[in-house]
Amino acid sequence: MSKSLIILLGPTGVGKTDLSEEIAKYYHTEIISCDSRQIYKEMKIGTAVPDHEVLATIPHHFIQSHSIHDYYNASKFEQEVLQKLDQLYSKYDVILMTGGSMLYIDALCKGIDDLPNVDTNIRNSLVKRFENEGIEPLKELLSQLDPVYFQDVDLKNHKRILHALEICLMTSQPYSSFRTNPSKVRNFNIIKIGINCERELLYDRINRRVDLMFAEGLEKEALGLFPFKKLNALNTVGYRELFDYFENRITLTEAKEKIKSNSRKYARKQLTWFRHDPDITWFKPGMKEEIIFYIGQELQK
RNA sequence: GGUGCCAUAGCUCAGUCGGUAGAGCAACGGACUGAAAAUCCGUGUGUCCCUGGUUCAAUUCCAGGUGGCACCA
């Protein structure tokens, strides 16, 4: 029997969680979350983690499973999920994945280059150098260590340059030599289902969800995480705006508006990415029956 | 009813001593392979309230109209 992975994806706030619960119940299966922030156990309200009841009824994986203090990335996600799938496929033929982290979805579906894990010391020293001297000397260094990638990279994007340098320095080989664009083949079928609705409705849902987060105590949660604000995991919509408020840079009202605005921007960015993925079949949030029918057809193939 | 002020982008408003216009916010598009809810790049979307007048040329000046605000009755 062949194994299948249903991936339910879409912009933040569109209603993936509710749908995934119903689909998981229909197939009597478990859910793998594909969300680069819900994965952290310390961040709950601001990342809109599903309720207790849902989590208690349907087994979820990669939700609240890691710590903000751990280094995490798309490659680790790929490896860990593949391992988990292997385990779960001994019990199920169909597994549901749901979430909106575009790079994580692609890492799992298509794979990602094999690179050594980033050495924290090297990263920190490069970041420090960037903060002190700016981007120019780093560009210069990259042009020497990896002229090929230097031609390719967005020279205004310091993160890309820093990462390439990390790899060059760690391996003594050009970063570009690792960029093989693998397109790994998986031993399970992938069915990608996109959920989207009218823009106005989506924004309305996002805005209301932010209000709800505040009602549930987002401010208090963020205050508790304030000491760790430098961690990458906390460079996240819903938290960093409140950190600005705690540091008296903006008012609470401004922070709330910023969170709404940045969530809307994030949703747009997700849609830009998904729009160019030809493997996605799109549905509206209410189309549960149609989605299940479509999945049924795909599973027959 | 009278007088004054205002009418420009989705919103708040600049501006053009007459040559068809620009900021902030909002909105929209794009890139993306170990920090990705990150990071980076890009776009002005307009009957300048309406009708007439003056003028080579009116969003700008003039008159009237309409709408809004303020004050006086």
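Owing to the predicted nature of the structure, the values given are computational and were not obtained by experimental measurement. Here is the naming used below: chain letters follow the sequence lines, and residue numbers restart at 1 for every chain.
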NZ/NE/NH1/NH2 to OD/OE distance under 4.0 Å, [X] and [Y]:
| X | Y | answer |
| --- | --- | --- |
| A/Lys284 | A/Glu198 | yes |
| A/Glu80 | A/Lys76 | no |
| A/Lys301 | A/Glu298 | yes |
| A/Arg208 | A/Asp204 | yes |

Between [options], spot the one nearest the side chain of [X], thanks.
| X | options | value |
| --- | --- | --- |
| A/Arg199 | B/U39, B/G34, B/G29 | B/G29 |
| A/Lys269 | B/A36, B/G34, B/A31 | B/A31 |
| A/His163 | B/G29, B/G34, B/A36 | B/G34 |
| A/Asn73 | B/C41, B/A36, B/G34 | B/G34 |
| A/Arg240 | B/U33, B/C40, B/U39 | B/U39 |
| A/Arg275 | B/G29, B/G34, B/A36 | B/G29 |

Q. Cationic tip of A/Lys256 within the cone over A/Phe214's six-membered ring, i.e. under 6.0 Å and within 45° of the normal?
A. yes
Quickly work out the [X] [atom1] to [N] [atom2] distance and round it to whole Å.
| X | N | atom1 | atom2 | answer |
| --- | --- | --- | --- | --- |
| A/Asn207 | B/C25 | CG | P | 18 Å |
| A/Met102 | B/A35 | CE | P | 15 Å |
| A/Leu162 | B/U33 | CG | P | 14 Å |
| A/Tyr40 | B/A36 | OH | C1' | 10 Å |

side-chain N/O [X] vs [N] OP1/OP2, d < 4.0 Å:
| X | N | result |
| --- | --- | --- |
| A/Tyr203 | B/A26 | no |
| A/Tyr266 | B/U39 | no |
| A/Arg160 | B/A36 | no |
| A/Asn235 | B/U39 | yes |
| A/Ser261 | B/A26 | yes |

Q) Is any N or O donor-acceptor pair between the side chain of A/Asp106 and the base of B/U33 shorter than 3.5 Å? A)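 It does not, because no donor-acceptor pair links the side chain of A/Asp106 to the base of B/U33 below 3.5 Å.
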For a quick check of understanding: with a heavy-atom distance under 4.0 Å over all strands, which category does [X] fall into, base, sugar-phosphate or nothing?
| X | value |
| --- | --- |
| A/Ser101 | sugar-phosphate |
| A/Asn262 | nothing |
| A/Arg123 | base |
| A/Val118 | sugar-phosphate |
| A/Gly111 | nothing |
| A/Asp152 | nothing |

Q) Counting only heavy atoms not in A/Gln297, do more than 12 fall under 6.0 Å of its CD? A) yes
Q: Extract the stems that RNA chain B is part of, considering only consecutive pairing runs of at least three Watson-Crick or G-U wobble pairs, both distances under 3.5 Å.
A: B:1-7 with B:66-72, B:10-13 with B:22-25, B:27-31 with B:39-43, B:49-53 with B:61-65
Q) Can A/Glu42 and A/Ser67 be counted as having a side-chain donor-acceptor contact under 3.5 angstrom? A) yes
Q: Assess the side chains of A/Glu30 and A/His61: does a donor N or O sit below 3.5 Å from an acceptor N or O?
A: yes
Q | A/Lys258 vs A/His158, nearer the 5' end of RNA chain B by closest nucleotide | A |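 Between the two, 5'-proximity favours A/Lys258.
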Q. Taking syn as any angle within 90 degrees of 0 and anti as the rest, which one fits B/G4?
A. anti
